[in-house]
Amino acid sequence: MAEFCMPSLGADMKAATLIEWKVKPGDFIKRGDIIAVVEADKGIIEIEVFEEGVVDKIIVPEGKNVPVGTVLAIISSMKEPSETKEEKIVEGQVIEKKETALKLEPEKVLVQEKPVPPLPEVLEGKKHFKVSPLARKLAEELNIDVSTIQGSGADGIINRADVEKAAKERELKKKIPVTEKAKMPKEVEYQAGMRRAIAAAMSRSNRDIPHYYLETRIDMTRALQWLEAENQKRSIKERLLPAVLLLKAVARALKDVPGLNGYWIDERHQMKDEIHIGFAISLRQGGLVVPAIHNVDKKSIDELMAAMSDLIARTRAGRLRSSEMTDATVTVTSLGDLGVETVYGVIYPPQVALVGFGRISEMPWAENGMLGIRRILSATLAADHRATDGNRGAQFLGSMKRYLQEVSML
Amino acid sequence: MNGKTRETVKTTYRDAIREAIREAMRRDERVFLMGEDVGRYGGCFAVSKGLLEEFGPERIRDTPLSESTFVGAGIGAALGGMRPIVEIMTVNFSLLAADQILNTAATYLHMSGGLFNVPLVIRMATGGGKQLAAQHSHSLEGWYAHIPGIKVLTPATLEDARGMLWTALADPDPVLIFENSTLYNREGELSVDAGAVDIDHARICRQGNDITIITYGASLYKVLDAADILEKSGISAEVIDLRTLRPLDDAAYLSSVAKTHRALIVDEGWRSGSISAEVSARIMEGVFYELDCPVERICTAEVPMPYASHLEQAALPQTETIVTTVKRMVRKNG
Amino acid sequence: MTEKNIREIINKHLTKIAPEADLGELPENANIREELDIDSYDFLQFLIAINEEIGIEIPEADYGKLSTIEGIIRYLSARMG
């Protein structure tokens, strides 16, 4: 049996609202299935599951805002005998399981001894809210659910004033016509939430990460000629965007210089084998989402174009998946469309590098003693100096430059 | 002079009690006072000063230093038709007479099949705060309130000091009056025609809406001071002086708590098994569904009363503690 | 297909990409990618939509002719004959 918890969908997410269950008790689920949809500061996100089994019990109902780590549902594996389930749910914590582990695998005791975290405070039906007798009586009379009230008394006790306030707020809500209260404030709140999330992540980055910046200019003439020739052969729907070449080159270069692909966590540099590129996608209404394109190094150019199109479309429609929100190992941001020459990026923690691309523009370019007009791209690397040094960064940019100049290598 | 304004006289708690004794002696010749040093010395707290000269040694009687003996003699006199006032120096020494009080005075009506009442009044000093150390400073009135068959009075005001004695003497059963020793010097205005008061009701000393503070004896003044301070913070405290610890006037404090929805009990006794515990329990029993936060208590620290002044003050309930406790309990949100 | 029809189709698909834009206020000769903040991905989606609706192939080399509303109308009208 496993507890399916509200995942953290980014370094600074604290809570999210469960807006839809895609499964019901008794449903069979397998790894990678989307089982719920949540709304976080970053938007609507589809949550994938990483177990295989049967949904045993839904604990958090739709519409409820819960902190990261809250048990949302109980999933039982197929093997487990079902008669033990009820007991364990009542217990709330999987203590019995730990005891078994103690007996069977004594060498694992040290690992297992971490204290079982206390149940999150919002579990339905288990939490005993501290409500004063008077407040409880009043709440019953006014038909107010005390679990929706924040207590203001000593020790967070819910008292009469809290219930009266909740009743008053309910009255106010009733008075506001539906049309006014609906759309706008939610959109505004969503915007404010996203701004807060970005603010928190970027503040942390600027505070904690000693950035170093390297810049290089890349002659894209041949790469673009290849792309144009390729696109000429293709129907409009199958055409490629230059961004695909850039993503592919970044992935290739990261294979050569793996130090820039990964995280800095707990004072340790953790390199990753998988290359999941967080691709910065701006939203028309403002704000930015950086979902991951998975395993960029293993995808062909066409697969990558398809993946990118899918991701952009889903980002703008607000339908991202939890894994896309969490497992980017590096970030790419491209502002060339807006005419920006050079991008100096802020790393998204705990990643250790961000690659920025500016505009590709025609420039006079001297090479081998000859002056010509070439299409030039400015590429930058912002990297975490705790994890790597300039030398490593330079190797990365050099490698990327080679791939972009010789497209056949991509 | 305004017809409604009664004439008052400046007096002290001590003088008010003496006046009560004097009045009782004059009104009823069966009344007499007996105790250690009450005659020639005038009482160890000077309550009976001058009475020996006025009433003579037959009615103001010095006794041997044997609480068991003279309380027993008082019981006998009461059974014989007299109306004795027995003074015990402090509540601590009353323990030497505990057998007489509990096993005899309190049980006699029952044991005699309702034939014999014991119309005895025992006065004694109680409480700390005068640096009299651990053998003279405790507050055991809560213990006595445990015993059926007696009444336990704790006059805090001049009116009660002046008026409770006569009512106690008129009661057919044993009545214990506990005079907090820090109150004897307390000055105030008392109506010139002050006289007997009832001993059956608690009194609301101050009206309020946010919390009920229940207390008795010398703590009343600390509570009233705290209520003044709390008023400046916008907290309106209702203050109740229990006056009589046995029998408790349940209706008075329960109806107040039902109005304010919060209760704090300030009790100079030790916390465990105290009168504050009893009042708290009765609030739970009586008005649980009116409570908006847990009942709280401020009592004396559970130590033998220290001699050193700062330690003694630290052990006793104090105004500041009452203020901070109430603020935490009430926590007004804007 | 009249010029009016073409304009309606263009407006329909631009509105999908930039729902907040007031296309009536947009000058005929304004650069739509700059004015409406359309990036290369959005632009490709726009051309795909036009292609699906009226069936005209637009080679990448011609993208430069499609930067304004009047340019797009002229280009499409010419190819529809």
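Numbers restart at 1 for each chain; the letters A, B, ... are given by sequence-line order, proteins then strands. Predicted model, so just to flag it, every value in this text is computed and none were measured. We use all heavy atoms of the structure for the numbers below, so side chains are in, but hydrogens, waters and symmetry mates are not.
Annotation for Arg314(A): atom CZ counts as buried by contact number, over 12 foreign heavy atoms lying within 6.0 Å. Environment of CZ in Arg217(A): sparse, with no more than 12 heavy atoms of neighbouring residues, nucleotides or ligands closer than 6.0 Å.
Both the backbone and the side chain of Glu60(C) come within contact range of chain A, with heavy atoms under 4.5 Å apart. In this structure, no portion of Ala243(A) lies under 4.5 Å from any heavy atom of chain C. Heavy atoms closer than 4.5 Å to chain A are found in the side chain of Glu52(C), but not in its backbone. Neither the backbone nor the side chain of Ala61(C) comes within less than 4.5 Å of any heavy atom of chain A. Using a 4.5 Å cut-off between heavy atoms, Leu240(A) contacts chain C through its backbone alone, with no side-chain atom that close. Neither the backbone nor the side chain of Ser334(A) comes within less than 4.5 Å of any heavy atom of chain C. Within the 4.5 angstrom heavy-atom criterion, atoms from both the backbone and the side chain of Asp37(C) approach chain A. Residue Ile48(C) touches chain A through both its backbone and its side chain, counting heavy-atom pairs closer than 4.5 Å. The part of Leu241(A) that comes within reach of chain C is its side chain, from C-beta onward, which places non-hydrogen atoms under 4.5 angstrom from that chain.
Heavy-atom pairs under 4.5 Å with chain C peak, among Arg234(A), Glu228(A), Arg239(A), at Arg239(A). Comparing Leu47(C), Ile38(C), Asp39(C) by how many heavy-atom pairs each has under 4.5 Å with chain A, the most go to Asp39(C).
Residues Ser309(A) and Tyr41(C) share a closest heavy-atom pair of O-OH, 3.1 Å. Among all heavy-atom pairs drawn from Asp337(A) and Arg33(C), the shortest one is OD1-NH2, 3.6 Å.
Side chains of Pro59(C) and Gln232(A) form no contact here, defined as non-hydrogen atoms less than 4.5 Å apart.
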